[in-house]
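Data first, discussion second: the structure below is written as structure tokens.
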Amino acid sequence: RKEVEQDPGPFNVPEGATVAFNCTYSNSASQSFFWYRQDCRKEPKLLMSVYSSGNEDGRFTAQLNRASQYISLLIRDSKLSDSATYLCVVTASSNSGYALNFGKGTSLLVTP
Amino acid sequence: NAGVTQTPKFRILKIGQSMTLQCTQDMNHNYMYWYRQDPGMGLKLIYYSVGAGITDKGEVPNGYNVSRSTTEDFPLRLELAAPSQTSVYFCASSYDGLSVTGELFFGEGSRLTVL
């Protein structure tokens, strides 16, 4: 089983729609969770951290379910500019602290 | 704000050639990383460094070498390039060891093709 798994999509949604992505992770000892956004042919950038109690940043809501080992990202009122690939990221312990395990990403296309 | 700067942005190599991807950051971050991203795949960690003079292998280090003589610079060396090394390479840095903020600052990437 891969460490971080995501549905690759693509998710095609109209502007204004609500869309949700899920991600599962295999290492129950993982402690920190994040969503990154990657635009086409660009570098990834941190979108938001995912906290145990769930957290919201404007139109974006992230949830964590430790028992089932999954993370979700909800985008409300989708904008054309939300079109990108969303990477689920989970920390993994390493010799010198932590490293990040990246999922393959879920592609979102928001259409007019 | 330069952030993380990588060069070159594009390069085509012949099998067996060698080259160095340069990476420099001006944020005084101790932690630096090299990732590769193949089409439709997640980022894979090649090497990382927790400070000047200290480097360690990541998930896919074979065929690569790194050095960290200064806080700012973290070059990645490809020896005897192979087609399997065709990829997009990202250099990144972070303020901490990622356990808290999880924020990596990435360079714009270097697209390498080995023919």
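Numbered from 1 within each chain, the chains take letters A, B, ... in sequence-line order.
Of the residues considered (A:Ser107, A:Pro44, A:Cys88), A:Pro44 shows the highest number of contacts with chain B, using heavy-atom pairs under 4.5 Å.
Of the N and O atoms on the side chains of B:Asp38 and B:Ser87, at least one donor lies less than 3.5 Å from an acceptor on the other residue. A donor-acceptor pair shorter than 3.5 Å can be found between the side chains of B:Thr20 and B:Arg77. Under 3.5 Å, the side chains of A:Thr91 and A:Gln31 contain no donor-acceptor pair of N or O atoms. Judged by distance alone, the side chains of A:Arg76 and A:Thr61 do bring a donor and an acceptor atom under 3.5 Å apart.
Contacts of B:Asp73 classified as salt bridge (charged side-chain N to carboxylate O under 4.0 Å, His left out), with partners at least two apart in sequence or in another chain: none. Take B:Thr5 and apply the side chain to side chain donor-acceptor pair (under 3.5 Å) test, not counting sequence neighbours, and it matches no residue. For A:Phe33, the ring-ring contact (aromatic ring centres under 6.0 Å, His included) criterion is met by A:Tyr25, not counting sequence neighbours.
Residues from residues 57-64 of chain B never place a non-hydrogen atom less than 4.5 Å from a non-hydrogen atom of chain A.
Residue A:Pro8: no heavy atom, backbone or side chain, is found under 4.5 Å from chain B. Interface remark: A:Gln38 contributes side-chain atoms only to the contact with chain B (heavy atom separation under 4.5 Å). For B:Leu45, the part lying under 4.5 angstrom from a heavy atom of chain A is the side chain only.
With A:Val13 as the partner, the side chain to side chain contact (heavy atoms under 4.5 Å, CB included) test is satisfied by one option alone out of A:Val110, A:Thr18, A:Ile75, A:Asp82: A:Val110.
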